Amino acid sequence: MTGKLYIVATPIGNPADFSERALTVLREVKLVAVEDTRHSGRLFNACSINTPMLSCHDYNETERIELLLGKVAAGDDIALVSDAGTPLVSDPGFQLVRQAHARGITVVPVPGPSAVIAALCSAGLPTDRFVFEGFLPAKAGARQARLQELAKERRTLVFYEAPHRIVECLADMEACFGSERAATLARELTKTYETIIPATLGKLIERVRSDENQQKGEIVLVVGGCVASEGALDADAEKTLKILLEELPLRQAASLAAKITGLKKNLLYDTALSWQEIKD
Ligand code: SAM
């Protein structure tokens, strides 16, 4: 009888988030493929999981596939975990799962923590439709180009970001999406210093720049989608509308801004309305 391949989620910080089912599966399978044996070894020790481990990471996944799926074909149940959270979510495993399906092996998900979902459900931004972008390119030019492509995306966007790049990433987001775009920084989720900051991109970058603690640890950025019906305003139009909103009611400000900028009144009205919703 062929065995099964279990894809098992592990905690993203708080060990109490380990599910009973995940613990049972990891204790009962014959082998666990892990990203880093030392890292998972510590977690497994703390949770009384004594199952043998085998490293399977980005650099050896292809060669490990034969070994791992060979064991499954011979009848062993095996599991895949990543360092934290759900395997394959910005983590290795895709080729293994794809090959398992190609060989008729049953793949069983054991769902649990993932930073993308923990951040999304606590961000206070629309969740009915969202786009997970994972990590943005590390180089500034490529990152800005990717963000430009996403500037008119209407769905909520979720990004993973390294702490040493958080300030430049927020600056690029502000430049591409505008300073009034709603966003939430979700840091150290489920851990002691868990911090969730909902703000506009403009306010968020001020906060992160002025507080070095916000530039540490593990970070997810959730960014609201483009709300205006025909796309974001450019910086000049945004400034004009803001000045008018300081003096006039929303409808009048939008109408006058439309005359000054030549943009559609609806676009300006919707944008101003979305700013007001963020503040409320
Ligand atoms: N597979 C993992 C998951 O399901 O979330 C993600 C792995 S990815 C290599 C690591 C990134 O996830 C971190 O750089 C950070 O952006 C995000 N992340 C993981 N744990 C987190 C936490 N506790 N709080 C905030 N972000 C976290």
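When a ligand or atom number is given, it counts from 1 through the structure's own listing order. Everything numeric here is computed off the predicted structure, so don't read it as measured data.
With sequence neighbours left out, Arg207 forms a side-chain contact (heavy atoms from CB on, under 4.5 Å) with Ile197, Asp211, Gln214. For Ala162, the side-chain contact (heavy atoms from CB on, under 4.5 Å) partners two or more places apart in sequence, or in a different chain, are His164, Arg165. In this structure Asp17 satisfies the side-chain contact (heavy atoms from CB on, under 4.5 Å) test together with Pro11, Asn14, Pro113, Thr190, sequence neighbours excluded.
Around atom CZ of Arg103, more than 12 heavy atoms belonging to other residues, nucleotides or ligands sit under 6.0 Å away.
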* Can you list the steps and then say if Gln95 with Thr62 is a side-chain hydrogen bond (donor to acceptor under 3.5 Å, both in side chains)? -> CA-CA 7 Å; Gln95 291 297 347; Thr62 316; over 6 Å; no
Identify all N/O pairs between ligand 1 and the protein with a separation under 3.5 Å and present them as a table of atom names and distances.
unit_1   : atom_1 : unit_2 : atom_2 : d
ligand 1 : 1 (N)  : Ala84  : O      : 3.3
ligand 1 : 1 (N)  : Thr86  : O      : 3.0
ligand 1 : 1 (N)  : Val89  : O      : 2.9
ligand 1 : 1 (N)  : Asp91  : OD2    : 2.8
ligand 1 : 4 (O)  : Thr86  : N      : 2.9
ligand 1 : 4 (O)  : Ser114 : OG     : 2.7
ligand 1 : 5 (O)  : Ser114 : OG     : 3.4
ligand 1 : 5 (O)  : Ala115 : N      : 2.8
ligand 1 : 5 (O)  : Tyr160 : OH     : 2.7
ligand 1 : 16 (O) : Ile219 : O      : 2.6
ligand 1 : 20 (N) : Glu218 : OE1    : 3.3
ligand 1 : 23 (N) : Ile12  : O      : 3.0
ligand 1 : 23 (N) : Leu189 : N      : 3.4
ligand 1 : 23 (N) : Leu189 : O      : 2.9
ligand 1 : 24 (N) : Leu189 : N      : 2.9

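Put simply, CE on Met173 and CG on Leu147 are 5.5 Å apart, with the number rounded to the nearest 0.5 Å.
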